[in-house]
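Working notes, beginning with the structure itself.
Quick note on labels: first sequence line is chain A, next is B, and so on, each numbered from 1.
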Number of protein chains: 2
Amino acid sequence: MSDLTAVDVAVSPEAKFREYLMTQGMRLTTERETIVREVFASHEHFDADQLVSRLNQRTDGKRVSRSTVYRALAQLKDSGLLRAVARPNDREVYEHDYGYPQHDHLICKECGDLIEFVDDSLNEMLSRVAAQNGFRISAHRLEVYGKCANCCRPKRRQRKTDMI
Amino acid sequence: MSDLTAVDVAVSPEAKFREYLMTQGMRLTTERETIVREVFASHEHFDADQLVSRLNQRTDGKRVSRSTVYRALAQLKDSGLLRAVARPNDREVYEHDYGYPQHDHLICKECGDLIEFVDDSLNEMLSRVAAQNGFRISAHRLEVYGKCANCCRPKRRQRKTDMI
DNA sequence: ATACTTGCAAACGGTTTGCAATTTA
DNA sequence: TAAATTGCAAACCGTTTGCAAGTAT
């Protein structure tokens, strides 16, 4: 999906989350720990509903209610562990922010795939524009819509071996 | 607010809209005409609710229901007359697409102001990234969040030098 | 004890839609 | 007169929230 590689992090997501919660007078409960672990178990993009499903499929009985998931997502975002990247179908989509390099996305309108990319010139451009407008940037979201290489490929000769 | 200037257009928005509606087997009703006119009476960004308000304030009795406004917004978007640019407060924000040059936005998180800007290097960058990924771009949305010059300005007196 | 947290169900809010009445070609 | 359109109110749907019961310090 992407060749972006995680950068080395000194502290685990759980620890980082506990740290943040402490500063807010909150606690790292077992529910919150279950959520952080599940969230950082894979690098895929996800929305609230997908996360709830993953948590409900657990066999260890560590289910967490939908409300708690929503509350935790907000906290994970505030703590800098997650960031919201897009809203393709009116659902907020999240990805890892902590321990993962900053990047943007090509979004295929056909298959919905998110392709990550980085390009330094974007940051140069943003700095320049910010300076020109006396604007202090805190974040940005660049969504590039179109058709991915796979979907551009002519379908005439589709591999029928994919069918089972 | 912005020094982007409208480009010359051969056909009026109403005509363009009628043209599009025809191709869909639809009609340019008085309600739809009222809406297009109101929408293109000013270049400001707006959301559905603001448009409804503007239409309700009319003294000529040309009121249009909320549903019709929502339906027309979708049609105006499909026809290429409008485009959705941001979603600051969970409300879709629209702007003129037809007869207005392509640009992006700085979005002030404090006052909600949208500042338009253009920078050619963005397009160069997008072309490069698209080529690298075999991606065919159809559109993009760049939202830059932060604090505008106005909101950065201190409300109270701020000392420029550290006087001890 | 006090403060934080959870799960449930109800509320929220922007947007969409079913439908009967109305308008248009 | 058949097809499109409107306005109303209800539905929709992801998300948020009030609250009572539970848990940690």
Side-chain angles (χ1 to χ4, degrees), chain A residues 14 17-39 45-56 58 61-79 82-94 112, chain B residues 14 17-39 45-56 58 61-79 82-94 112:
Chain A
E14 294 102 296
F17 195 29
R18 178 190 288 112
E19 203 175 292
Y20 164 80
L21 290 168
M22 295 293 245
T23 70
Q24 305 295 309
M26 298 173 174
R27 300 159 189 166
L28 182 59
T29 62
T30 54
E31 286 86 354
R32 288 183 180 141
E33 193 167 353
T34 302
I35 293 170
V36 196
R37 290 232 171 103
E38 188 64 57
V39 161
H45 299 91
F46 66 94
D47 60 36
D49 204 55
Q50 292 169 332
L51 179 54
V52 170
S53 300
R54 279 164 60 189
L55 287 166
N56 282 347
R58 299 176 69 103
K62 299 216 173 190
R63 274 173 44 94
V64 184
S65 78
R66 182 169 293 268
S67 328
T68 300
V69 168
Y70 274 104
R71 286 189 271 240
L73 284 173
Q75 292 151 2
L76 286 166
K77 208 169 71 164
D78 286 346
S79 70
L82 286 184
R83 68 176 172 141
V85 279
R87 204 183 169 117
N89 295 325
D90 279 337
R91 290 156 176 246
E92 205 71 60
V93 171
Y94 299 90
Chain B
E14 291 103 297
F17 195 29
R18 178 190 290 111
E19 203 175 293
Y20 165 79
L21 290 169
M22 296 292 243
T23 70
Q24 305 295 309
M26 299 175 174
R27 301 158 186 168
L28 182 58
T29 61
T30 53
E31 286 86 354
R32 287 181 180 146
E33 193 167 355
T34 303
I35 293 171
V36 195
R37 291 232 170 103
E38 188 65 58
V39 161
H45 298 91
F46 66 94
D47 60 36
D49 203 56
Q50 292 168 334
L51 179 55
V52 170
S53 300
R54 278 164 62 187
L55 288 165
N56 282 346
R58 298 177 69 103
K62 300 214 175 190
R63 265 176 39 91
V64 183
S65 77
R66 182 169 293 269
S67 327
T68 301
V69 168
Y70 273 104
R71 286 189 271 240
L73 284 174
Q75 293 150 1
L76 287 166
K77 210 170 71 165
D78 286 346
S79 70
L82 286 184
R83 69 176 171 141
V85 280
R87 204 185 170 115
N89 295 324
D90 279 335
R91 292 156 173 244
E92 204 70 58
V93 172
Y94 299 91

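- B:Lys77 places its NZ atom 10 Å from the P atom of C:dT15, with the value rounded to the nearest Å.
- Atom-to-atom, CD of B:Gln75 to C1' of D:dT6 comes out at 12 Å; the value is rounded to the nearest Å.
- If you take CG on B:Leu28 and CZ on B:Phe17, they are separated by 7.0 Å, rounding to the nearest 0.5 Å.
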Evaluate side chain to side chain contact (heavy atoms under 4.5 Å, CB included) for A:Arg32 paired with A:Gln75, printing each intermediate quantity in order. CA-CA 10 Å; A:Arg32 288 183 180 141; A:Gln75 292 151 2; 3.3 Å; yes

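- Residue contacts shown for A:Arg91 are limited to sugar-phosphate atoms, with no base heavy atom under 4.0 Å away.
- Atom CD of A:Gln24 is separated from atom P of C:dT5 by 10 Å (rounded to the nearest Å).
- The line from CZ of A:Arg18 to CZ of A:Arg27 is 14.0 Å long, rounded to the nearest 0.5 Å.
- Remark: B:Ser67, B:Thr68, B:Arg71 in residues 66-73 of chain B come within less than 4.0 Å of DNA chain D through at least one heavy atom.
- As rounded to whole Å, 6 Å separates atom P of D:dT25 from atom CZ of A:Arg27.
- Here the P atom of nucleotide C:dA25 and the CG atom of B:Leu28 are 10 Å apart, to the nearest Å.
- Taking atom CG of residue A:Leu21 and atom C1' of nucleotide D:dT25, one finds them 16 Å apart after rounding to whole Å.
- Contact check on A:Glu38 versus A:Arg58 returns a salt bridge, with a Lys/Arg side-chain nitrogen under 4.0 Å from an Asp/Glu carboxylate oxygen.
- Interatomic distance, CG of B:Leu73 versus CG of B:Asp47, reported as 9.5 Å (0.5 Å rounding).
- Taken to the nearest 0.5 Å, the CG atom of A:Leu51 stands 9.5 Å off from the CZ atom of A:Arg66.
- Look at CG on A:Asn56: it is 14 Å from C1' on C:dC8, rounded to the nearest Å.
- Following rounding to the nearest Å, A:Met22 (CE) and C:dA3 (P) show an atom-to-atom distance of 18 Å.
- Annotation: of the two residues near DNA chain C, A:Asp90 and A:Arg32, the 5′-most nearest-nucleotide partner is A:Arg32.
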